[in-house]
Amino acid sequence: MTSQQHRSKSGFETRAIHAGYEPDPMTGAVIPPIYATSTYKQDGVGGMRGGYEYSRSANPTRTALEGVIAALEEGERGFAFASGLAAEDTLIRALCRPGDHVVIPDDAYGGTYRLFDKVEQVWGLEHSPAPVSDVDAMRAAIRPGKTKLVWVETPTNPMLNIGDIEALASVAHDAGALLVVDNTFASPYLQQPLTLGADIVVHSTTKYCGGHSDVVGGALVVRDLEVAEKVAFHQNSMGAVAGPFDAFLTHRGLKTLGVRMDRHCDNAEKVVEFLTSHDQVAQVIYPGLEEHPGHAVAAKQMKRFGGIISFRVTGGEQHALDVCGRAEVFTLGESLGGVESLIEHPGRMTHASVAGTDLEVPADLIRLSVGIESIDDLLGDLDRSLGSAD
Ligand SMILES: *Cc1c(COP(=O)(O)O)cnc(C)c1O
């Protein structure tokens, strides 16, 4: 079966394991080798074997990863980068020019906000933050004729707000703009934005795609060949590509994405149930809960509701800090999406830089990235860390 057939006919897990690579014709190697080479022998001038001439332009280990991520997102073409932010910067400079404008989430990932606010703005690209859960507000933020991209995350971090991808795609397209979805939190297993009308998907593959907290990487998947040409040109011209070792690790992680995500979701659902009935918990924020304002949209566009949970404790900021400090199975740390469970205090950690702004998060908020450990150990750890009512 060719990669193309895997893309169009096979199920998600089959694509995750087989798309993008045929066993090596010479050796039969089932897994793409780590091609630690910068250059390639040519058979006479210009006689390239398989199109490879120099590893910034293309490397077979990276090609395999780019094929599988495109197949999982059901896009035309995938591109792998050294980090999520490198992917974002390449995309922005491929599609925007000085004087253009983009709409971004008012609770965008901090690094994405900083990229627009402190880096791209210096080069003349304007941005307007708007809430992704409010389609009218996103439409109102568009500057007709100037807005080139509508940039969305869903679910967002750490309040897990949900944007309606289908509705936002038509808002963007009505204005002649493209819809970009940062699909890092959902992963392609839970949500495929391109099938809902989005034009470009962005990933920090550092998170669920890699899945083992052992590699930093990013990816773009596009549905349009013209956009693909521009991204390919800029990927090669700017050079922030994934190296072969990193590409290998990310590809290895992607093979188990489906089973990992199901266990992340199973465990998260049980943690939500536990927290909801705990007397030291004031509020649980999870798109799978019916009272979550984005529940209906999330249920429409996501297969399940993911492994990230935010919750507020009854005893204020100090209580939240104490819970983070007491946790043992949940590791205190930033990032998310790995097999191990992580706990963090957004107000003092991932979101410390937005303190005092409109983006400030509640001081009694805790964010969990629920891993795939034994659920009883996770619940026991949370119960002990939360403390008792007296
Ligand atoms: C981590 C993250 C990024 C940035 O990716 P890096 O790999 O850290 O550069 C972008 N978007 C979201 C939603 C993230 O969680």
Side-chain angles (χ1 to χ4, degrees), residues 62 65 69 73 78-93 102 104-120 127 129 132-133 149 151-163 165 179-191 193 198 200-221 235 238-243 245-247 249-251 253-254 257 261 264 287 302 306-310 333-338 342 344 346 349-354 359 361 367-370:
R62 193 175 96 220
L65 169 62
I69 188 101
E73 287 288 2
F79 301 89
F81 294 87
S83 70
L85 285 175
E88 295 184 15
D89 182 34
T90 306
L91 177 67
I92 295 161
R93 289 203 260 167
V102 296
I104 63 170
D106 67 0
D107 53 354
Y109 171 73
T112 299
Y113 180 73
R114 184 177 57 202
L115 178 64
F116 281 112
D117 196 53
K118 299 279 191 281
V119 180
E120 313 295 1
H127 62 272
V132 296
S133 57
L149 304 176
W151 189 291
V152 171
E153 290 170 28
T154 177
T156 65
N157 175 27
M159 301 308 281
L160 306 177
N161 292 314
I162 302 292
I165 296 172
L179 181 70
V180 179
V181 177
D182 180 336
N183 204 27
T184 299
F185 265 49
S187 89
Y189 181 66
L190 299 181
Q191 174 172 281
I200 297 137
V201 167
V202 173
H203 277 288
S204 168
T205 54
T206 313
K207 316 295 167 52
Y208 286 109
C209 288
H212 295 73
S213 306
D214 54 6
V215 60
V216 170
L220 299 174
V221 183
Q235 183 192 39
M238 294 167 68
V241 296
F245 291 86
D246 289 358
L249 280 175
T250 304
H251 193 168
L254 273 174
L257 180 66
M261 287 315 293
H264 282 295
M302 298 176 78
I308 309 296
I309 301 166
S310 292
E334 302 191 357
S335 197
L336 59 111
L342 297 175
E344 69 123 355
M349 294 170 64
T350 50
H351 290 66
S353 63
V354 293
L359 304 188
V361 296
R367 187 189 77 185
L368 303 177
S369 173
V370 180

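Numbering of ligands and ligand atoms starts at 1, following listing order.
In this structure a side-chain-to-backbone donor-acceptor pair under 3.5 Å is present from H264 to V370. The main-chain N or O of N161 is never found under 3.5 Å from a side-chain atom of E153 such that the two would form a donor-acceptor pair.
For the pair V102 and E120, the minimum side-chain heavy-atom distance is 4.5 Å or more.
Contacts of D214 classified as side chain to side chain donor-acceptor pair (under 3.5 Å), with partners at least two apart in sequence or in another chain: none. For H351, there are no side chain to side chain donor-acceptor pair (under 3.5 Å) partners at least two apart in sequence or on another chain. Remark: S187 pairs with no residue by the side chain to side chain donor-acceptor pair (under 3.5 Å) rule, at least two apart or across chains.
Protein neighbours of ligand 1 below 4.0 Å, counting non-hydrogen atoms: S83, G84, L85, E88, Y109, D182, T184, F185, S204, T206, K207, G217.
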